[in-house]
Amino acid sequence: LDILVSGFLLVVLLPLFIILALAIKLFSKGPIFFNQIRCSLNGRVFTLYKFRTMIPQAESKLESLLEHNEMGGQVFKMTHDPRVTRFGKWMRKFSLDELPQLFNVLGGDMSIVGPRPPIPSEVKKYQAWQRRRLSMRPGLTCLWQIKGRNKIIHFDEWMKLDLRYIDEWSLWLDLKIFFQTIPIVIFGIGAK
């Protein structure tokens with residue numbers, strides 16, 4: 001199902017991919033895509049693809065911004081992150097930067113629905129109970145996305161939603177999350 005859905009969406013969304021790629025090049029210097037190492041099932045690492053929303057070398061500037069982290073726990077979130085480009089902010093609002101992850105789904109590193117894929121440095125800080133998050137393939141969307149997204153300000157709340165999803169997993173739950181994600185993304189609900 002993941003392969004069919006991601007393959008179909010990649011074909012249908014190809015014109016949008018082209019428009020976004022051209023706009024990224026038009027509005028900022030640097031590459032079109034941002035690649036980052038993330039963790040998949042059982043902690044296996046893979047390269048995650050996104051449309052670039054930040055200035056080049058944004059990762060190297062993270063250390064200087066850590067004191068502005070608005071998320072309690074291992075994840076960094078900042079409302080007015082100075083590294084984000086103007087067009088990048090717009091793409092993030094509607095989760096358009098996430099679209100290239102359909103290639104990750106097609107390749108088997110991710111699913112359409114599942115816990116969001118963490119960065120290895122975050123995983124190193126996990127407590128024992130949090131490691132269970134890696135027992136399922138990560139996804140494009142999850143309970144966190146439909147239950148508040150960036151309004152959830154503590155990592156433990158996010159983690160509990162992921163573990164609830166793992167414990168209650170069913171095809172019906174995946175379909176419910178998928179269809180509830182659509183209006184949230186279209187209207188930019190809970191985005192930063």
So do Ile32 and Lys25 actually touch side chain to side chain, heavy atoms under 4.5 Å? yes
Can I get a per-line list of side-chain donor-acceptor pairs under 3.5 Å for residues 15-24, giving both atom names and the distance, sequence neighbours left out?
none

Gln130 side chain near Lys125 side chain, heavy-atom distance below 4.5 Å: no
Heavy atoms, side chains only, cut-off 4.5 Å: are Leu134 and Pro118 in contact? yes
Passes side chain to side chain contact (heavy atoms under 4.5 Å, CB included), Ile177 versus Tyr165? Steps please. CA-CA 10 Å; Ile177 291 170; Tyr165 167 78; 3.7 Å; yes
Taking Pro31's backbone N and O only, do any of them form a donor-acceptor pair with Arg52's side chain (distance below 3.5 Å, no angle check)? yes
Under the salt bridge (charged side-chain N to carboxylate O under 4.0 Å, His left out) criterion, do Arg92 and Asp81 qualify, and how do the steps go? CA-CA 12 Å; Arg92 284 181 170 202; Asp81 191 328; 5.2 Å; no
Hey, are the side chains of Ile37 and Ile119 touching, using non-hydrogen atoms and a 4.5 Å cut-off? no
Any Lys/Arg nitrogen of Asp167 or Arg132 sitting under 4.0 Å from an Asp/Glu carboxylate oxygen of the other? yes
Just grab all the side-chain hydrogen bond (donor to acceptor under 3.5 Å, both in side chains) pairs involving residues 101-119, residues at least two apart or on different chains. Asp2-Ser111, Arg44-Asp109, Glu98-Gln101, Glu98-Arg116, Gln101-Arg116
Quick check on the 6.0 Å ring-centre criterion: do Phe51 and Phe34 meet it? no
Give the intermediate values and the outcome of side chain to side chain contact (heavy atoms under 4.5 Å, CB included) for residues Met159 and Arg133. CA-CA 7 Å; Met159 184 64 65; Arg133 183 184 197 211; 3.6 Å; yes
According to side-chain hydrogen bond (donor to acceptor under 3.5 Å, both in side chains), who are the partners of Ser40, at least two apart in sequence or on a separate chain? none
Between Ile184 and Thr141, does a side chain to side chain contact (heavy atoms under 4.5 Å, CB included) hold up when you go through it step by step? CA-CA 11 Å; Ile184 286 168; Thr141 187; over 6 Å; no
